[in-house]
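Okay, so here's the structure we're looking at.
Values below: all heavy atoms of this structure, side chains included; hydrogens, waters and symmetry mates excluded.
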Amino acid sequence: MYKEYKTIKEVVGPLMLVEGVEGVKYDELVEVTQDNGEIRRGKVLEVKDDKAVVQLFENTQGLKISTSKARFLGRSLSLAVSGDMLGRVFDGMGNPRDGGAPVIPDKIMDINGEPINPAARNYPNEFIQTGVSAIDGLNTLVRGQKLPVFSMSGLPHAELAAQIARQAKVRNSDSKFAVVFAAIGITYEEAEYFIDDFRKTGAIERTVLFTNLANDPAIERIATPRMALTCAEYLAFELGMHVLVIMTDITNYAEALREVSAARKEVPGRRGYPGYLYTDLAQLYERAGRIRGKEGSITQIPILTMPEDDKTHPIPDLTGYITEGQIILSRDLYKKGINPPIDVLPSLSRLKDKGIGDGKTREDHADTMNQLFAAYAKGKECKELSAILGDAALTPTDKLYAKFAEEFEKNYVAQGFTTNRTIEETLDIGWKLLKILPRSELKRIKEKYLEKYLD
């Protein structure tokens with residue numbers, strides 16, 4: 001039987017101080033029972049001597065500390081997991097939000113997970129086709145990778161997230177593919193958009209959704225991505241599935257961390273975020289990967305909106321350090337009507353070389369990727385030069401490069417949010433665009449590929 005304490009001394013915001021406690025541990029779950037039988041839940045944030053600081057998941061409005069009792073449950077937050085979670089919608093704490101029955105668990109797992117032994121990790125080297133040319137062709141996603149999307153407020157990152165969740169698949173594999181979608185601190189309309197989109201397209205059948213809404217408590221926001229990753233670990237490492245975890249919006253998660261940190265009166269770090277923001281984000285991102293001897297894998301696409309469109313802001317800055325690249329959305333491309341507005345030049349997938357080539361995508365992939373990057377960069381330079389000095393300042397070849405940049409954005413990047421391209425279609429579009437340039441300019445492609453695909 002768990003001990004009950006009637007020694008609640010103080011409530012400040014979401015925090016509660018309980019005195020005279022014994023044997024209480026950090027992160028332990030707490031139930032606070034009121035006279036009328038109402039129960040509120042929380043977890044231990046700090047223990048010192050016989051005092052415990054508890055953070056409540058619900059708000060503390062109307063809580064009478066004189067008559068309330070705190071009960072420490074001796075375990076941390078956990079999730080009941082089962083293969084039946086596919087096709088279901090849960091809230092940020094793992095409770096059903098779709099009106100269905102609670103999951104009958106095969107297993108109950110601690111949401112903080114267990115660290116993967118680095119020596120047991122397998123290197124990511126298998127191509128995941130997202131159906132989005134700007135990702136598949138130029139910033140390829142590899143199974144087991146962490147590839148974040150850096151967006152800006154007002155840009156259609158939700159549509160891109162839904163598109164990837166609908167279309168993503170591992171080619172040449174019999175293993176089952178699943179998507180775990182964690183929506184963190186989003187509006188009710190956004191949550192409905194994701195649920196409706198997945199239901200309409202049938203993608204819900206292979207998807208587990210965790211939705212934490214903007215009006216839900218901050219502490220729930222901190223639990224949501226951990227719930228999603230725990231579910232993903234079960235599907236991947238117990239059921240042998242390839243799991244793609246999409247988390248949006250990591251900025252809302254970091255804001256919740258800052259809110260909790262301020263309530264605890266911790267010394268703030270950069271821009272008021274706690275000093276442990278790096279390690280906290282790393283705990284989430286490092287739960288991606290492949291394990292030797294296990295069929296399944298976890299691939300992560302965290303999405304974050306950069307405050308003030310600033311790449312050097314602590315959240316995108318630290319995320320970039322921990323993850324293997326980034327996909328950057330551009331406001332300029334969005335204003336031109338190009339969707340998805342992926343800016344391929346500053347975007348990067350550090351593992352793309354491992355997931356492309358003969359037997360994975362196609363033999364000409366690496367060469368055409370390098371040539372497209374180089375030609376687009378040169379084309380943008382030529383367009384800027386033309387804007388400053390006029391067309392007369394450009395050589396005939398420069399004009400072709402400027403034309404290439406225009407056509408590249410229109411035909412390669414701008415595919416909309418409903419077009420699902422195979423990697424072969426993406427590569428063929430790349431070759432079609434390269435025909436705009438003189439053959440003598442295609443110096444990054446081997447002669448045998450030029451003969452095979454260009455002529």
Side-chain angles (χ1 to χ4, degrees), residues 1-80 90-97 99 101-103 105 108-112 184-185 188 210-227 230 252-268 274 276 280:
M1 191 62 191
Y2 306 113
K3 261 193 182 178
E4 286 189 336
Y5 295 92
K6 292 184 179 177
T7 49
I8 301 170
K9 290 296 174 205
E10 195 180 352
V11 173
V12 181
L15 302 183
M16 184 175 82
L17 179 70
V18 186
E19 292 186 347
V21 300
E22 284 175 13
V24 169
K25 298 184 203 72
Y26 170 73
D27 228 21
E28 194 172 330
L29 281 182
V30 185
E31 284 184 352
V32 180
T33 313
Q34 293 187 260
D35 257 6
N36 60 3
E38 186 196 332
I39 294 175
R40 300 189 197 195
R41 290 171 181 81
K43 69 170 187 173
V44 176
L45 276 189
E46 206 173 311
V47 183
K48 192 174 180 188
D49 302 329
D50 67 339
K51 297 180 180 67
V53 177
V54 173
Q55 169 136 28
L56 292 173
F57 299 145
E58 296 99 336
N59 65 37
T60 52
Q61 203 174 347
L63 187 71
K64 292 182 183 160
I65 58 175
S66 55
T67 55
S68 295
K69 291 178 279 196
R71 189 160 67 117
F72 294 85
L73 303 183
R75 59 182 170 83
S76 58
L77 211 50
S78 54
L79 177 68
F90 301 92
D91 67 11
M93 300 300 280
N95 305 308
R97 196 167 232 159
V103 169
I108 292 177
M109 295 172 71
D110 186 326
I111 66 159
N112 297 303
I184 307 161
Y188 179 76
F210 290 85
T211 56
N212 164 262
L213 301 179
N215 61 341
D216 289 332
I219 191 73
E220 185 178 305
R221 211 151 296 153
I222 294 170
T224 306
R226 290 180 167 81
M227 291 279 176
T230 303
N252 294 336
Y253 170 81
E255 297 290 349
L257 268 188
R258 180 162 70 173
E259 194 179 315
V260 171
S261 175
R264 290 172 69 177
K265 295 186 172 61
E266 291 173 338
V267 177
Y276 50 80
D280 198 282

Carboxylate-amine/guanidinium contact Asp35 Lys6, below 4.0 Å
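No, no charged N to carboxylate O under 4.0 Å.
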Would you mind checking if Arg40 and Glu38 are paired as a salt bridge, meaning a charged N to carboxylate O distance below 4.0 Å?
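Yes, this pair counts.
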Do any N or O atoms from the side chain of [X] and from the backbone of [Y] form a donor-acceptor pair under 3.5 angstrom?
{"X": "Asn212", "Y": "Gly185", "answer": "yes"}
{"X": "Gln55", "Y": "Lys43", "answer": "no"}
{"X": "Asn252", "Y": "Ile184", "answer": "yes"}
{"X": "Arg221", "Y": "Leu257", "answer": "no"}
{"X": "Glu28", "Y": "Lys25", "answer": "yes"}

Side chains of [X] and [Y], heavy atoms from C-beta outward: is any pair under 4.5 Å?
{"X": "Val18", "Y": "Val30", "result": "no"}
{"X": "Tyr188", "Y": "Asn215", "result": "no"}
{"X": "Leu79", "Y": "Phe210", "result": "yes"}
{"X": "Arg41", "Y": "Ile39", "result": "yes"}
{"X": "Arg75", "Y": "Leu29", "result": "yes"}
{"X": "Asn112", "Y": "Arg226", "result": "yes"}
{"X": "Thr224", "Y": "Tyr253", "result": "no"}
{"X": "Glu46", "Y": "Lys51", "result": "no"}

Roughly how far, to the nearest 0.5 Å, is the NZ atom of Lys9 from the CD1 atom of Ile65?
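Answer rounded to 0.5 Å: 8.5 Å.
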Just how far is it from atom CG of Asp110 to atom OG of Ser76, taken to the nearest 0.5 Å?
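Here the interatomic distance stands at 3.5 Å.
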Of all heavy-atom pairs between [X] and [Y], which one has the smallest distance, and what is that distance?
{"X": "Gln34", "Y": "Gly62", "value": "NE2-O, 3.4 Å"}
{"X": "Pro274", "Y": "Glu266", "value": "CB-OE1, 4.3 Å"}
{"X": "Met93", "Y": "Ala223", "value": "SD-CB, 3.9 Å"}
{"X": "Ser261", "Y": "Tyr276", "value": "CB-OH, 3.9 Å"}
{"X": "Pro105", "Y": "Ala80", "value": "CB-CB, 3.6 Å"}

For the pair Leu56 and Val11, evaluate side chain to side chain contact (heavy atoms under 4.5 Å, CB included) and give the outcome as yes or no after the intermediate values.
CA-CA 10 Å; Leu56 292 173; Val11 173; 5.6 Å; no
Assess the residue pair Glu22 and Phe72 against the criterion (side chain to side chain contact (heavy atoms under 4.5 Å, CB included)); give the C-alpha distance rounded to whole Å, side-chain angles, the decisive distance to 0.1 Å, and a yes or no.
CA-CA 10 Å; Glu22 284 175 13; Phe72 294 85; over 6 Å; no
Which residue is it: Ile222, Leu77, Asp216? I am looking for the one with a side chain to side chain contact (heavy atoms under 4.5 Å, CB included) to Phe57.
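When Ile222, Leu77, Asp216 are each tested with Phe57, the side chain to side chain contact (heavy atoms under 4.5 Å, CB included) holds only for Leu77.
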Carefully, step by step, assess Lys265 and Leu15 under the rule side chain to side chain contact (heavy atoms under 4.5 Å, CB included).
CA-CA 11 Å; Lys265 295 186 172 61; Leu15 302 183; over 6 Å; no
